[in-house]
Amino acid sequence: MTTPVLEIRNLHARIEEREILKGVNLIIPPGEVHAIMGRNGSGKSTLSYVLAGKEDYEVTEGEILLNGENILEMEPDERAAAGLFLAFQYPIEIPGVATMTFLKAAINAQRKARGEGELTTPEFMRLVKEAGSQLNIDNDMLKRPLNVGFSGGEKKRAEIMQMALLKPSLAVLDETDSGLDIDALQVVSKGVNALRDGQRSMLVITHYQRLLNHIVPDVVHVFADGRIVESGDKELALKLEAEGYANYGGEAA
Amino acid sequence: MRPNFPVRLGAAEQALIDQLKSAGADQAAERISVAGLPTRRVESYHYTDLKMLLRAIPALGQPANEASAPALRVPGAFNLMIANGVIQNASTAPAGVIVGKAQGGVLTTRDDVLVHVNNGLAKEALTLTLENSVDPVIQVERRIEGEAAHVADALKVFVADGASAVILETFSGSDAAHVGNHATYMALGKNAVVTHITLDLSARGVSHFATNEYHLGDGAKLRTLIIHAGAGLSRTHLFPHMGGAEAHADVTGLNLVSEGQHADITMETSHAVPHTSSQPLFKSIARGRSKAVVQGKLVVARDAQKTDAKFMHQGLMLSDEAEILSKPELEIYADDVVCGHGSTCGMLDEDSLFYLLSRGIPKAEAETMLVRGFIAELLDPVEDEALNEALQGVVDGWLLGQ
Ligand SMILES: Nc1ncnc2c1ncn2[C@@H]1O[C@H](COP(=O)(O)OP(=O)(O)OP(=O)(O)O)[C@@H](O)[C@H]1O
Ligand SMILES: [Mg+2]
């Protein structure tokens, strides 16, 4: 069997004494797209943060293997260099840091960590231009400070552009579809699909089946109360859309 | 009121009195013997108690016969130098600049001990008359060289109606327990546009004091950028005087302090006539056990209707032991004005840091990016590329030099 891109074994995590993840198990083989759906507050973003290595969360049990390597002891920047990318549900605005400066620092830091040389400025500019045009991101946006004053949809497109530039082996997209208009949803989905190459894997967190018409998942998981409670093919998303989460215990939000 | 006990004079005060007397500044000497150096009970010195902080005054500086390396090189700048209070010969001035000398101090007399001392001890002032738009950056280097010395020097700048210039003052010199007392007087004519940057890069053992006085005529535009990045003890006292309608001042400054340092920017802006505006914006970054102070006072005269002024101080703490102190004051005698003040203080934002890390940027680099971002608002308006780069270099150097 080939090594899965992501393997999560019995993951428990808590924040400020409160257990949020209560035994997550998940395997994503190379090239597959898995979707996670679940109630507000069920712990989906928490899972994405724990994967990315946010400090606030304490992992009390379990393992996370990225391409067979345990990443729990790694810093967030090391995880990124190892091939993990998180598209944030709420991308952070950073005044004073130019988007271009940031993109260049990120690309070169990852190249350096992998023992590759830094990009020259023209090479970098060409890559950014390419990625930008695919996602309808114009130069003016890139001249602004990172995410500052970007509309909700622009922020999401900028996240996908970063993903396109950083070429991760595992992309976790946390509600990338929320806040997107119909056209932007198409653009973003196209951007994401363009990165599907049979090797790269994705974990797509969403509330809406609609996104999954564009980014067709191999597996759909239902997340409830800190763990995956059911998995199925893409039909499961349709069933959820029709029936809601009532069958998965707990109270409706 | 406290009973008027004669104050106990310390060694520093006694030395100042002797030096002032020897220079014939008897009144200033008398003032110190009666009041002593200001303590924290004096409002404008509340966080910078000179009696505590200034324990010794070295001998008056003698003409220098050695020189340290330039503190900052700005390609293309026109350079002038005052070393140990003595004005040095300069190369040919660029078009529109008249360089000269004048006797004595340049500051308007006011009840401030450092002003008294400067006016009493500064023997000659460098004068600059700017007749039109001056292209190159004008750099005035103020040095204190050799053995520990007490030096008072002065610069007086007249900017003609409609003229514009970028003036950079750098403070540096040898590594000794100098006390520098520097004065700058600047008069901006109608619609003159000036950027005035002062950059302290003195050695750690130095106590650096500067007093800057600005007089703005109708429609004049001033931008200041005061940077404290060197001396163990530094204080710059700013007195912008908004004396002409439609005058505007962006009074900005940056304290960079590390272990053991104390930096203070104190501003008193007076809006004297109707329709003037000012935007004082200060930032402090503190690490180790250090102290950064910004005091900002806005005084709006009874006639100065439609004044628009907002004071802001933002602090960034890079250690738990650092102290960042803010004191805004409003003294408003007019009734139709928009004035305000605000201050914030915090550590680097955790979420921002995580965002950068999550993109693979290592922690140290991410922190540097955020700190640079924090002060970008102050450096970005410096349009001259070479100067902007040089200042960015100073900040980067500070960030690296833990
Ligand atoms: N700092 C915190 N302290 C305590 N509880 C927290 C903290 N951060 C998150 N939580 C809780 O953890 C739970 C899971 O939150 P999470 O953001 O992972 O949910 P989610 O499934 O992503 O929800 P949504 O669909 O609304 O985005 C919530 O109940 C939330 O209130
Ligand atoms: Mg969420």
Side-chain angles (χ1 to χ4, degrees), chain A residues 48-57 74-114 116 144-148 155 158-159 161-163 165-168 171-172 174, chain B residues 225 227 250 252-254 256 281-285 312-316 318 342 344-383 385 388-389 391-393 395-396 398-400:
Chain A
S48 72
Y49 285 144
V50 170
L51 286 171
K54 196 168 190 206
E55 248 183 14
D56 314 356
Y57 300 90
M74 290 185 188
E75 296 298 325
D77 55 311
E78 296 167 334
R79 297 184 192 198
L84 182 84
F85 179 88
L86 167 61
F88 282 56
Q89 183 174 359
Y90 303 108
I92 309 290
E93 297 192 5
I94 309 187
V97 174
T99 304
M100 283 296 203
T101 311
F102 159 77
L103 290 175
K104 198 167 183 194
I107 292 174
N108 280 333
Q110 294 204 16
R111 290 180 67 93
K112 199 171 153 194
R114 289 193 296 258
E116 299 162 22
R144 282 191 250 161
L146 186 52
N147 290 326
V148 175
K155 282 180 185 159
E159 293 287 286
M161 182 176 122
Q162 291 176 32
M163 172 173 84
L165 288 169
L166 294 172
K167 302 202 172 12
V172 181
D174 191 357
Chain B
L225 175 55
I227 304 179
D250 287 293
T252 75
L254 173 64
L256 298 173
L281 173 64
F282 300 99
K283 305 210 179 203
S284 294
I285 308 180
M312 185 71 198
H313 179 207
Q314 297 169 339
L316 178 60
L318 298 181
T344 60
C345 193
M347 318 277 274
L348 281 179
D349 180 54
E350 287 294 330
D351 289 337
S352 302
L353 194 58
F354 174 64
Y355 189 78
L356 297 181
L357 294 179
S358 78
R359 297 311 185 236
I361 300 172
K363 192 163 187 182
E365 190 181 344
E367 286 175 346
T368 303
M369 286 176 79
L370 291 178
V371 175
R372 279 189 183 185
F374 176 71
I375 50 187
E377 239 183 315
L378 300 181
L379 294 192
D380 285 353
V382 178
E383 282 166 10
E385 239 173 83
N388 188 302
E389 223 168 87
L391 294 176
Q392 190 69 60
V395 172
D396 287 354
W398 182 84
L399 285 170
L400 288 174

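For the numbers below, each heavy atom of this structure counts, side chains included, while hydrogens, waters and symmetry mates do not. Chain A is the first sequence line, chain B the second, and so forth, proteins listed ahead of strands; every chain is numbered from 1. It should be emphasised that the depicted structure is a prediction, and the values quoted were computed from it without experimental measurement.
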Should [X] and [Y] count as side-chain neighbours, where that means a heavy-atom distance under 4.5 Å?
| X | Y | answer |
| --- | --- | --- |
| A:Glu75 | B:Lys363 | no |
| A:Phe102 | B:Met369 | yes |
| A:Lys54 | B:Asp351 | yes |
| A:Asn147 | B:Tyr355 | yes |

Under a 4.5 Å heavy-atom cutoff, which of A:Ala80, A:Pro95, A:Ala98 has the most pairs with chain B?
A:Ala80
Measuring from atom [atom1] of [X] to atom [atom2] of [Y], what distance do you get when rounded to the nearest 0.5 angstrom?
| X | Y | atom1 | atom2 | answer |
| --- | --- | --- | --- | --- |
| B:Ser352 | A:Glu93 | OG | CD | 9.5 Å |
| B:Leu357 | A:Glu78 | CG | CD | 10.0 Å |
| A:Ile94 | B:Leu356 | CD1 | CG | 4.0 Å |

Sort [X] into side chain, backbone, both or neither according to what part of it lies under 4.5 angstrom from a heavy atom of chain B.
| X | answer |
| --- | --- |
| A:Pro145 | neither |
| A:Leu103 | neither |
| A:Ala113 | neither |

Do any N or O atoms from the side chain of B:Arg359 and from the backbone of A:Leu86 form a donor-acceptor pair under 3.5 angstrom?
yes
Search all heavy atoms of A:Gly53 against all heavy atoms of B:Phe354 and return the closest pair with its distance.
C-CE1, 3.8 Å
Of all heavy-atom pairs linking A:Ala109 and B:Ile361, the shortest is CB-CA, 4.1 Å
Is it the case that over 12 heavy atoms from other parts of the model lie below 6.0 angstrom from the CD atom of B:Glu385?
no
Non-hydrogen atoms of chain A under 4.5 Å away: do they reach the side chain of B:Glu365, the backbone, both or neither?
side chain
